[in-house]
Amino acid sequence: MKIVDVKVDTIHYRSNKTRDSEGHGHPGPEHDATQTLLTIVTDEGAEGYFFGGNKQIIESMVKPLLIGQDPFYHEKIWHMLKERQRLALDRLSDKVLCAVDCALWDLKGRYLNQPIYKLLGATRTKVPAYASTMCGDDLEGGLNTPEAYAEFALQCKARGYTAFKLHTWQPPYSADPKRDVAACAAVREAVGPDMALMIDPFHYYTRHQALYLGRELEKLDFYWMEEPMDEHSMSSYIWLADQLDLAIVGPETAEGKMFTRAEWIMHHACDMSRVGVGDVGGLTPMMKVVHLAESFNMQVESHGSGIANLQALCAMAIPGQYHERGLLHPFIDYDVPPPWLNTLEDPMDDEGFVHISDLPGMGQDINWDYIKANLV
Ligand code: MG
């Protein structure tokens with residue numbers, strides 16, 4: 001089987017989310033937006049899909065490399081793209097590698113008529129989810145005060161979530177460790193002792209701000225803290241993790257794929273590793289991190305709500321504790337699928353478990369009628 005075409009379609013939809021000046025998502029007025037769909041086509045008619053991917057980069061830089069390749073050689077293809085990044089990092093990002101790699105996995109699953117988690121070696125079909133909030137804001141009724149987070153945590157608990165993660169305030173809203181602690185304390189007070197709680201605060205606190213936050217969160221029996229400092233300084237995380245019992249989860253956004261995760265584990269910079277397909281360039285490198293962490297008896301917590309991460313979560317020997325579900329906000333109804341899907345890719349039951357799709361490939365139930373009617 002050979003790849004004969006690689007294309008990216010652009011799809012129009014209406015969005016009720018906006019991004020602030022720092023790039024974080026918030027609810028906003030409904031507006032026109034676009035999504036992309038990467039399609040990899042073979043000479044046998046088998047196709048693989050992934051929502052996302054930069055049309056210009058994929059068609060100009062990736063397509064010439066993929067044409068004529070056997071799509072089942074996706075390890076070889078991933079390495080080819082990774083090596084090509086060295087002199088093209090400004091264009092060929094890990095997000096592009098992720099789109100290509102996930103589309104190849106989708107193609108393989110569809111061709112073999114099996115969901116990916118079974119091709120990887122399945123361990124389970126459902127995973128507990130945590131409610132992952134959007135970042136703090138200044139919206140009345142939104143996430144604008146510690147009390148607002150507490151109120152929203154109670155709503156999530158009533159929906160069935162057994163765990164809740166606060167993304168607290170970041171610029172352009174003022175980041176402040178004391179205000180973070182106040183929000184975390186209000187949430188703990190509201191939900192009681194049994195709900196697992198986590199935090200993902202401002203990513204550029206100083207060492208002492210991060211240590212202060214960590215020590216306060218230990219008093220509130222938090223489960224983990226993510227990325228309170230710039231992850232490029234691994235020594236800052238070694239310094240922090242050494243002083244806290246609170247689990248440090250990372251790295252998340254630091255470049256370097258599985259290599260960075262290996263360094264962090266080896267140097268005791270984290271207590272749990274962290275990986276999502278979008279952070280490291282696809283499912284192929286994500287599984288390398290999963291097996292790396294397993295070799296150190298360490299759990300990996302998955303970053304991001306996409307179905308590719310859920311496929312990996314259902315194929316871990318040392319299970320990641322939670323699927324990240326979100327981002328959630330009092331003004332957003334997460335349980336409505338995006339218009340390009342017929343059904344949610346991470347449906348959650350009343351006990352807080354998300355269930356993996358048994359459709360072949362990535363498992364998305366794609367709404368082809370919507371896509372055909374809304375091509376740009
Ligand atoms: Mg995070």
Side-chain angles (χ1 to χ4, degrees), residues 17 19-20 22-26 93-95 98 127-137 143 149 152-153 156 161 163-171 173 175 177 180 183-184 187 196-205 209-210 213-214 217 222-234 236-237 240-241 244 246-258 260-261 264-265 269-281 285-286 289-290 293 298-306 308-310 312-313 320-329 332 334 346:
K17 292 172 197 160
R19 293 200 176 271
D20 64 33
E22 303 280 317
H24 294 108
H26 299 281
S93 67
D94 283 346
K95 292 264 189 296
C98 171
V127 182
Y130 65 82
S132 187
T133 73
M134 286 180 165
C135 293
D137 52 47
L143 295 171
Y149 276 93
F152 189 48
C156 291
Y161 288 101
F164 184 85
K165 188 174 92 185
L166 301 87
H167 284 100
T168 47
W169 295 274
Q170 312 232 8
Y173 309 99
D180 291 346
C184 292
V187 169
L197 298 178
M198 299 81 107
I199 187 170
D200 192 353
F202 181 48
H203 310 303
Y204 303 99
Y205 283 141
Q209 286 173 317
L213 184 54
L217 297 187
F222 265 55
Y223 186 41
W224 79 55
M225 175 161 65
E226 290 170 28
E227 207 175 346
M229 302 176 289
D230 193 317
E231 288 183 339
H232 291 100
S233 171
M234 185 173 69
S236 297
Y237 279 87
L240 181 68
L244 292 176
L246 175 70
I248 300 298
V249 177
E252 179 175 293
T253 55
E255 307 87 340
K257 307 178 175 65
M258 61 279 188
T260 318
R261 275 80 191 162
W264 276 52
I265 294 172
C270 60
D271 302 290
M272 302 174 189
S273 192
R274 181 82 164 155
V275 67
V277 291
D279 306 316
V280 291
M286 178 163 180
V289 175
V290 168
M298 184 180 281
Q299 77 195 64
V300 179
E301 289 303 324
S302 161
H303 171 224
S305 58
N309 291 332
L310 189 53
L313 276 165
Q321 184 93 37
Y322 293 105
H323 168 72
E324 178 167 16
R325 202 161 187 266
L327 299 174
L328 309 183
H329 189 279
I332 301 280
Y334 185 84
D346 59 349

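Worth knowing before you read on, the calculation uses all heavy atoms, side chains too, and leaves out hydrogens, waters and symmetry mates. Order of appearance sets the numbers: ligands from 1, and atoms from 1 within every ligand. These numbers come from a predicted model, not from an experiment.
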Enquirer: Met134 versus His24: any side-chain heavy-atom pair under 4.5 Å?
Expert: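 Heavy-atom side-chain distance check fails, nothing below 4.5 Å.
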
Enquirer: By salt bridge (Lys or Arg N to Asp or Glu O under 4.0 Å), which residues pair with Asp94, not counting sequence neighbours?
Expert: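 With neighbours one apart ignored, the set is Lys257.
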
Enquirer: Does a side-chain heavy-atom distance below 4.5 Å link His329 with Leu143?
Expert: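 Sidechains of Leu143 and His329: in contact.
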
Enquirer: Going by heavy atoms in the side chains, are Ile265 and Cys270 under 4.5 Å from each other?
Expert: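 Yes, at least one pair of side-chain atoms sits under 4.5 Å.
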
Enquirer: No waters, cut-off 2.8 Å: how many protein N, O or S atoms are close to the Mg ion (ligand 1)?
Expert: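 Under the 2.8 Å cut-off, the count stands at 4.
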
Enquirer: Determine, for Glu227 against Arg274, whether the closest basic-nitrogen to carboxylate-oxygen distance falls under 4.0 angstrom.
Expert: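 No, this pair does not count.
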
Enquirer: Less than 3.5 Å apart, any donor N or O on the side chain of Glu255 or His232 sitting next to an acceptor on the other?
Expert: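 The criterion, which ignores hydrogens and geometry beyond distance, is satisfied for His232 and Glu255.
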
